[in-house]
Structures are given as C-alpha cells and as structure tokens.
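In what follows, every heavy atom counts, from backbone to side chain, and hydrogens, waters and symmetry copies are set aside. This one's a predicted model, so the numbers in the text were calculated from it and none came from an experiment. Both counts, for ligands and for their atoms, begin at 1 and track the order of listing.
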Amino acid sequence: MTSSSTPRTRFAPSPSGYLHIGGARTALFNFLYARRHGGVFILRVEDTDRERSTDASIAAILESLAWLDIAWDEGPFFQSQRTAVYVAEAERLLREGRAYPCFCTTEELEAKRARALSEGRKPVYDGTCRDRVATPGDAAHPHTVRFRGPKDGETPIDDLVKGRVVFQNAELDDLIILRSDRTPTYNFCVVVDDAEMRVTHVLRGDDHLANTPRQILLYRALGYGLPAFGHVPLILGPDKARLSKRHGAMAVTAYRDLGFLPEGVVNYLARLGWSHGDQEIFTRDELVAAFTVEAIGKSAGVFDVEKMRWVNWSHQKALTPDALVRAARPHLAAAGLPVPGDDAWLAKALATLQERAQTLVELVESGRYYFTDDVVIDPAAAAKFLTPAAAEPLRSVRNACAALGGWTMEALTAAFDDVLAKHGLKLGKVAQPVRVAVTGGTASPGIFEVLEILGRERTVARLDAALARIS
Ligand code: GLU
C-alpha cells in the first residue's frame, strides 16, 4: 500500500513510432522524481488511436526503456484495454449534466470552422447543441458527447516549471469526449487515467501545455483531485529549431547502435534541461539523489551530440573491465569481428583502448587489429614507415621476438633496447614501423602493450608480412 503522500508519476507514450530522445527524457524525469521521493513510476501506453498505434512501436518503446534501465513499478497499462472505464465516466458526466450529446455533423462543424477562420475568429465550437432540449429519439441518432465547460472565468495552472499560466475559459472549446462511434478522445482518457492511477505529478513536454486547462476542467467536473503539473521545454536542434530527424538520429536505440552506453545517454539527457550546479557527470545514484523539478530550466535544451560523446566517454572510461567486456561484445559482433572467448584477454585488450575512444563503436574500430589478423595497412603509413631503411631494424625486432624467453612487457622492453643499441636508433624510429606492421596504422596504445596482448605468434607473423611487403 502507498500512502496518499507517496508521489506517483507516469510516462504515457503514444506508440506511433520509436522512443525518441525527447520522450526518453520525459520518462527519465518522471522516473527520477519517483525514485528521489520513494514514489511509484507508472508506464501507460496511450494507444487509443488505433490507426497510428503499432505493436512494433510498443515493442520499440519498451525495449528502449529497458536499455536505459528506466524501470516502471506499475504497468504497462494500455488505454486500448480500458475503453469501458472511459465510457462509464463519460456517461456519468452526461447523467450529471456536465456533458451533452452533440448532433452536429462533421460537415456542419467544418463549415462553421471555415466561417470562423475566414472572419478572423478562433474556431471554437459555437455551442449549437449545448442548450438543446433532449428528445426521446436522441439516442438513436449518431452523436458525439461534449464536455459542458464553463464559458467565463479563467483556469490558472501553477506549473512546477513555468510558474503561473492563466487560460481564459472562453477560449476553450466544449471538448468532444466520446466520438460518434463511442470511442473516447485523448484528453479525456488522460484525465480519467491519471486520476484512477492516482498520479500526483504530471511531468511532460510543454507541447502539452495547451491541453492542461481543458484537462483541469475535466478533473473538476469529474470530481477528481488535481495532480501537480510540470511542463518541460522541448529539446531544440543546434539551429534552435525543434529537434527533428534532420538533426540526426532521433531514436534512442540508434544511440545504442552508435556505441553509446545507456548511462552516458541517461546522464546526457538528464542534463539537457536540468542542472545541478556545475556538475556534468552523474552516476544514476547521483541523479536520483540530486534530481529536483525546481532545477528544470525554463528555456529549451539544445541537443549537442559532441557533448553527448564527451559525457559518454566519461562513463566509458570509468567502466570496470568486466562491464567493458559486456558492453563491447555486441559491438564486436556488429562490426563483423570474431568475439574472443577469453574474457580475461578481451578485458586486457579493451582496457588499452578504453580512454582513447568516445563510444564503443569507435573503441572496437580502433582496436580491430587485436580481433582479426586481417590487418589492412594504411598505404600512407606504409609509404612513410615500411621503407627499405626500416627493414633491418624490423628484422632484428622480428628475430628478437621469435627468440624471446617470456612474452611480457619487461622482456619486450629489454629486447627492443638491445635492437636500438645494435642499430644506434631511438625508440620512435623502430616503434613506428613495428606499429604500422602490427596495427596497420600510426596511432595505437603503447607498442609494448599492443605486442604483449597480440602474443608472439601473431606479432612475428605480422612482422614477417611487413618485411615481405618491403622487399
Ligand atoms: N501520450 C502523450 C504523448 O505521447 C503524452 C500525454 C501526457 O503525458 O499527458 O505525447
């Protein structure tokens, strides 16, 4: 049992596409608020629009939330399964005179709308059926059910983010709550659900702000207590236009496939429109401890993928060896690389790459030479470093490696020192050709680390191949 003071929040996605960055942030804020206050986080799928809702979208939303580890305590509830509840409440309003049947046809309404617009008026319903006297045959004629809203006065919202926002009731239509096929409409279902699910805090995108006064009037008419509302500014693209596909990937799962960590995405999204002093990097526990609605910004956050990469890097470099192995494995497979069975070896290899890449995709890509012997040598690097002059020192390194007693960093360092002394060369002159020979390029972790991880056999084979290439 929860007491009445326990906060209850919800995320209420409409399943007409993937879970996008903005939706994920809304879910996160509601989740964090509930966790922060020992409350309950509810997932409600708003699938009343059967035309636009798809099972694939529901699956994608659930998958994305699971990936981000935004776990709900109650639900998922599906509005499509709750029609009887909404119809019963609409009928109650009808009986109480707080709603009325409307017989205006779609064509009539369209004509009125067009006329209002052409006369420069706001196209609100003109109330033709509002005071109509009921006749016995009414029920047999097709009709919608409209909410009988107040025609004067105002409806203020004390928004947790925006402060007081006041709407004039005269501007608000008598909303249709049941369509002529008796299916309930969006704003009505939201109110009935939020009340029945005892939601205490509605945190959502500020694109819903205009719905809120209508919903508040419905709460009052239905006799429900009001939740607190907080409308979060939308996310903008770098050009300050509303974030959309043309700004890049929108789906949360696209960031997973691009090699972002869920903790990196969660951290970045939390900071996009919310702040806690100057702190940028948060663990999940830190977010839960620090999250307050008061610190949600009044202005829109601007999506910045470079910053997201930096935040991700901060989490990636902090992963334990085991966690890094778990996180990188699917990306090895996705890159078409064999997934090594030896976790200890894999952990060691990944550790050398960990701080050098911002995402898992980059990390795996930067260390291809560990995972495959099919090393492609960069032609520019070869032209510069795999030259006839490099052949002798390379051959010395190759022979020293082949003869080396123990394959350790210390033994490799000592063997290189001998080669350098023999040829009177500095480390760079030898290390760079070796690096190109074994990794294919000129940038890699420390050469001794790389060789130790590759092992003797693979190192010698690659040095042989480089020597063959030179001659
Ligand atoms: N179903 C709505 C949407 O996906 C959200 C409604 C709400 O949060 O009240 O935009």
Aromatic ring pairing Phe103/His143, orientation class (parallel under 30°, perpendicular over 60°, tilted between):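 Geometry flag for His143 against Phe103: tilted rings.
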Parallel, tilted or perpendicular: ring planes of Phe29 versus Phe291, cut at 30 and 60 degrees: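 It falls in the tilted class, 30° to 60°.
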All salt bridge (charged side-chain N to carboxylate O under 4.0 Å, His left out) counterparts of Asp159, not counting sequence neighbours: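 Testing Asp159 for salt bridge (charged side-chain N to carboxylate O under 4.0 Å, His left out), a comparison that skips the adjacent residues, returns none.
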Any side-chain donor near an acceptor of the partner, Asn169 and Thr155, under 3.5 Å: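 Yes - a donor-acceptor pair under 3.5 Å links their side chains.
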Residue pairs involving residues 52-65 (criterion side-chain hydrogen bond (donor to acceptor under 3.5 Å, both in side chains); sequence neighbours excluded):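 Qualifying pairs: Glu63-Arg256.
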First-shell residues of ligand 1 [heavy atom, distance under 4.0 Å]: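 Correct list: Arg10, Ala12, Pro13, Ser14, Glu46, Tyr186, Val190, Arg204, His208.
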Counterpart residues, ring pair (Phe, Tyr, Trp, His ring centres under 6.0 Å), relative to His201 (two or more places apart):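 Only Tyr33 meet the ring pair (Phe, Tyr, Trp, His ring centres under 6.0 Å) criterion with His201.
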